Amino acid sequence: WKDTGQRRNRQMSAKRSNQKVTQQKYPMLYLIPLIAVLAVIPALLYECDVNTGLTKYNWYTGSQTTIDFFLYVKAIWLYVTFGVMLFLTFYMVFSEEKKISLHKAFMALLVYGGLCLVAACLSVDRARSFRGIYEQYESVWMLLGYVLLTIYAYVHLQEERAVKRLLPWFVAGIVVLTAFGVCQAFGVDPVACRTFQKLFITNSDLIGHVSLKFGKGRTYMTLYNPNYVGFYGVLTIPLLIALLVVARKWWHKMGYAILIAGLFLCVFASQSRAGIIALAAGGILLALLLRKYLFRRWYIAAGVIALGVAAFAGVNAYNHNVLITRMQGMFQAEQEKYALTAVETDRDVIFTMNGHELHMALEGKEADAGVLLTDEKGTKVTAGPADDSQERQVDDPRFPVRVGTISKESFHGFYVVTSRKTVVDGKEQNEQKKWIFTNELVKNDNRYYVVAGGNALFRMKKAKEGFSYLEKHYSLANNRGYIWAKTWNLLKAHPLLGTGPDTFLIAFPNDDLVGLYNSGHSGEMISKPHCLYLQIAAQTGIPSLIAFLTFVLWYVVSSIRLFWNASMRGYLPKIGAALLVSVIGYLIMGLSNDSCIAVAPIFFVLLGMGVAVNHTLNDQQDTEVA
């Protein structure tokens with residue numbers, strides 16, 4: 001009897017010891033970099049002076065230096081975080097002697113990183129590829145950092161206790177950004193508040209004078225652009241719904257419900273149409289994955305749907321039906337015809353309009369010299385008498401333009417005024433543009449040059465045509481058609497390794513003033529393709545895109561197989577299903593939006609976490625079968 005009692009005591013003691021081990025928290029040291037990426041860095045704001053490095057390009061109309069409040073500080077701290085992750089990884093391997101084993105699918109992700117590095121070495125602007133370009137800062141080191149983030153998250157989030165310790169910090173970060181977004185949605189922008197600006201602006205002359213152009217009631221949080229609010233909502237809302245489902249205490253459920261409602265409000269107030277579509281698609285998928293659970297607790301699904309519908313209706317009504325109007329405009333793709341199709345400058349200036357050429361040149365160098373007008377056959381084209389502004393309307397209906405001369409002490413040339421019909425908020429308007437030309441500002445060269453914004457001076461020629469369908473549908477997807485058409489040319493010119501990381505602004509034909517004018521981008525510099533997949537293919541090559549998609553689609557397909565008929569009992573299956581929906585939502589948004597350091601690091605952490613959760617659940621299934 002005594003031996004039996006001692007044996008029982010030893011068994012109870014061992015059981016209590018095992019319980020203590022299982023309840024032990026995951027080491028916070030290894031989670032700090034992930035907490036920084038998920039919760040801290042997205043909220044950072046600080047005034048930074050940035051050297052653009054672009055004044056050597058004749059199409060660049062900005063200054064040598066610019067001020068950045070949103071992205072540069074995030075880039076700096078991301079690099080610091082990457083360094084910490086590398087240090088902790090080496091410490092874990094060499095000091096704690098822990099092994100790192102990766103699934104063979106990670107080979108595709110490593111290939112993607114390797115191709116990015118090779119593309120940077122052969123870039124059209126190697127300095128920009130290794131340092132990053134202003135307003136983007138996605139250098140090759142940032143892209144390799146994304147790969148590191150995915151692997152690091154995978155290694156450290158394979159245990160439920162690690163996920164449970166990380167997510168409350170992520171939720172805290174979501175609370176902060178949602179508070180910013182809700183305030184902005186109601187017309188109170190903390191970033192524009194003078195008192196708040198004292199926290200992140202060091203130049204006292206700027207305090208109180210910094211404001212953004214997005215308009216009252218439109219949210220951007222601290223993410224720089226309203227479109228990135230859509231990304232953020234798509235990544236976080238599915239995870240919050242899963243946390244709401246697994247929460248046991250009613251006040252936790254209430255808190256998650258309020259936070260979800262706030263994020264819905266922020267996404268709709270950002271007017272991100274892709275975000276709304278991705279949320280709808282993700283919601284359907286999440287409901288299908290959790291169908292067995294939600295069938296018994298239908299009121300949770302009904303509540304989330306009600307929150308979303310109420311937020312959409314409220315924001316739409318507050319902004320005078322703007323959401324419905326923008327959603328309708330996203331899918332309109334009528335074929336367009338442009339009166340002006342080309343401008344060329346040489347010994348004279350040639351406007352190609354309505355299939356005909358209008359040749360123009362100054363009749364002399366005298367102050368009162370007029371402009372000689374002829375068509376492609378050399379026939380003189382007349383213009384009416386000058387009006388009060390000294391402009392003359394061309395009489396020929398083939399050329400609906402006005403011309404005038406400019407005579408100053410330091411400048412002598414002529415200008416042409418064109419107009420195009422645009423639709424703004426459902427109303428048709430006439431947009432006018434003044435084209436200025438001279439042949440006197442370049443030494444030993446009497447050819448004509450166009451004077452662009454910021455006094456940029458360059459010759460013009462016919463732009464190369466891109467994808468034929470997009471060339472006739474510039475307004476597709478909110479004027480993205482033009483950008484995608486010209487990006488197609490970059491893919492044809494640099495199919496294998498692209499133009500180099502962070503060189504899209506440099507490689508894009510920003511001197512195509514006619515295309516920019518016809519597409520509604522006059523005065524802009526196109527710095528991104530507004531499509532994640534075109535961005536990857538254009539900058540690091542089509543093979544790198546294939547490698548990236550191979551890894552991501554492997555995760556998506558394996559996750560759907562894992563969760564489709566799963567019982568969804570327990571914590572990790574629900575979190576894993578939510579992570580899958582977040583990743584798919586991000587990929588859907590990537591069809592019409594590009595990568596940005598404000599939200600892309602969050603995606604790669606959640607991607608790595610999703611792969612880790614799947615790995616754990618698969619191991620559990622194998623153990624149960626065995």
Side-chain angles (χ1 to χ4, degrees), residues 35 38-40 42-43 163-191 193 196 217-223 226 228-272 275-276 278-280 282-284 286-287 290 293-294 296-319 323 571 574-575 577-579 581-582 585 599 602 606:
I35 292 171
L38 293 176
V40 179
V163 177
K164 283 186 173 180
R165 195 168 194 190
L166 174 67
L167 288 184
W169 293 95
F170 189 20
V171 172
I174 296 172
V175 169
V176 173
L177 265 68
T178 302
F180 272 88
V182 169
C183 290
Q184 292 163 354
F186 287 103
V188 181
D189 187 1
V191 179
C193 174
F196 184 75
R218 196 170 183 191
T219 58
Y220 60 92
M221 296 180 171
T222 57
L223 303 176
Y228 304 142
V229 176
F231 268 129
Y232 190 77
V234 166
L235 289 171
T236 55
I237 289 177
L239 203 54
L240 290 174
I241 293 174
L243 290 172
L244 183 151
V245 168
V246 300
R248 296 183 177 181
K249 298 178 180 178
W250 69 267
W251 58 84
H252 287 174
K253 288 184 180 292
M254 182 64 70
Y256 287 129
I258 293 173
L259 192 54
I260 291 168
L263 273 170
F264 272 130
L265 176 65
C266 292
V267 172
F268 297 146
S270 73
Q271 300 178 22
S272 172
I276 296 172
L279 275 179
I284 294 171
L286 187 60
L290 298 177
Y293 178 89
L294 294 176
R296 300 190 301 270
R297 297 170 179 82
W298 57 269
Y299 49 86
I300 293 179
V304 172
I305 293 172
L307 288 174
V309 172
F312 182 91
V315 171
N316 187 65
Y318 181 76
N319 290 280
L323 290 181
Y571 181 84
K574 297 181 182 68
I575 297 298
L579 291 169
V581 173
S582 295
V599 289
I602 299 174
L606 298 186

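Keep in mind that the numbers below use all heavy atoms, side chains included, and drop hydrogens, waters and symmetry copies. Everything numeric in this text was worked out from a predicted model, so none of it was measured.
- For Y256, the ring-ring contact (aromatic ring centres under 6.0 Å, His included) criterion is met by no residue, not counting sequence neighbours.
- Scanning all heavy atoms of the two residues, the minimum distance from A39 to P42 falls at C-CD, 4.1 Å.
- For the atom pair T219 OG1 and F186 CZ, the distance stands at 11.5 Å (nearest 0.5 Å).
- Of the possible polar contacts, one joining the K253 side chain to the A247 backbone as a donor-acceptor pair under 3.5 Å is found.
- When all heavy atoms of S270 and G230 are compared, the pair lying nearest together is OG-N, 4.3 Å.
- Two residues are said to be in side-chain contact when any heavy atoms from C-beta on lie closer than 4.5 Å; I575 and L243 meet this criterion.
- Applying the ring-ring contact (aromatic ring centres under 6.0 Å, His included) rule to Y232 yields no partners; only residues at least two apart in sequence or on another chain are considered.
- To the nearest 0.5 Å, atom CG of residue L263 and atom OG1 of residue T236 are 4.5 Å apart.
- Of the inter-residue distances, the one linking L286 atom CG with I241 atom CD1 reads 5.5 Å to the nearest 0.5 angstrom.
- Residues I174 and L239 form no side-chain contact, since every pair of their non-hydrogen atoms from C-beta on lies 4.5 Å or further apart.
- Once rounded to the nearest 0.5 Å, the distance linking CZ of F170 with CG of L606 reads 5.0 Å.
- P226 and S272 get closest at one heavy-atom pair: O-CB, 4.2 Å.
- Using a 4.5 Å cut-off on side-chain heavy atoms (C-beta onward), L223 and L177 make contact.
- Not a single ring-ring contact (aromatic ring centres under 6.0 Å, His included) links Y571 to another residue, sequence neighbours left out.
- Listed by first then second residue, pairs satisfying side chain to side chain donor-acceptor pair (under 3.5 Å) with a partner in residues 165-191 read Q184-D189, D189-Y220, not counting sequence neighbours.
- L259 CG to I237 CD1: the interatomic distance, rounded to the nearest 0.5 Å, is 9.0 Å.
- Note that the CD1 atom of I260 and the CG atom of L265 stand 13.5 Å from one another [nearest 0.5 Å].
- In terms of the side chain to side chain contact (heavy atoms under 4.5 Å, CB included) criterion, residue partners of V234 (sequence neighbours excluded) are, by chain and number, A278, L279, M589.
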